[in-house]
Amino acid sequence: MASKKEETKQKAKEKEAKEEVVEEAEEEAEEEKEETPLDKYKKAGEVASKIREHLKEMVKPGVKALDLCETADKMIAEAGMKPAFPLNVSVNNHCAHYTSPWEDELVLKKSDVVKIDVGVQYEGFIADTALTVAFNDVHNDLIKASREATETAVKVIRAGGYTGKIGDLIENIIEGYGFTTIKDLSGHLLLPYRVHGPKTIPNVSGRKGNLILQDEAYAIETFASTGSGESHSDRTKLYIVRLAEGRFPLRTDAAKQVRRLIDKEYHRLPVATRWIYKELGVAKAKMGIRELVQAGALYQYHVLADKSDAYVSQHEHTVYLTPEGPIKTT
Ligand code: CO
């Protein structure tokens, strides 16, 4: 047995050791607190879903598309996040890439089929989610078709599988309702600060597609159309752009300012021309964008539409692939 003095020494040593253990535990907790990519995808997803549900309630005949877009912008900023792309408001035959231009007067009508597509990013980790609202019951099946296709795809996607199999399923469901899918639009791999990664989830059958890997995130979006399923781009409607990769010599100060603004705030993500108008003023923004387009320095997202009398529905969710299966983040 140790003497009293020895005991005190021993106790002090033990105390030291204990403190070390506590410190180590604290350090470990600190490490644990560090956010994983999945945590970040979830954070962005929470905000995107909240905005989607808020806008779903806001979409009514008489509402301006611009009010929807500005509400999304505001809610993203209030959440301390950034847009992954501008809110898409696609009415009737429009499939994608319509966001309100500067001073947009577009007002929703009772006969409209309205798609809203929300993109939020948190430190580059993206949530991409969409739904469709109509005010006339004749469109119920159209809406059900894309909702069911997306919800089914979100449940069955697995690491180790091929995206083509999901395309078979999607087309089967949508054609089962008597509609066509929009063939050249697809779900897409999400990468940090990149909405469209190099892998896609087709909306048509018969493709092999890409191998799905664990820890990847995908936006699964399906479309049902009463039209042909062929979407064409309307070259007169350019409301969303992004910086192209590469170096492009620019002449005017306006063009340089536009490029600097996009680069600083949005990296290589899609931006609304109205954001640039708002920041730099109409004249400068217009001039700068025109030169950037001419120089090939901007990738252009023209509005995509099926034939003019068609109605299109869309639903979209983001999923993250764990070894145990998919986690829907939106
Ligand atoms: Co998407």
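For reference, positions follow the sequence shown, starting with 1. Both ligands and their constituent atoms are indexed starting at 1 by order of listing. Fair warning: this is a prediction, and the values are worked out from it, not measured in the lab.
At a cut-off of 2.8 Å, H188 coordinates the Co ion (ligand 1) through an N, O or S atom.
Looking only at N/O/S atoms, E316 comes nearest to the Co ion (ligand 1) through OE2. Here the N, O or S atom of E221 that is nearest to the Co ion (ligand 1) is OE2. Of all N, O or S atoms in D128, the one lying closest to the Co ion (ligand 1) is OD2.
No side-chain N or O of H317 forms a donor-acceptor pair with one of E151 less than 3.5 Å apart. With hydrogens and angles left out, the side-chain atoms of R207 and Y162 include no donor and acceptor closer than 3.5 Å.
The aromatic rings of H139 and Y311 lie tilted to each other, with the angle between the two planes from 30° to 60°. Using bins of under 30°, 30° to 60° and over 60° for the plane-to-plane angle, the ring pair F179/Y177 lands in the parallel bin.
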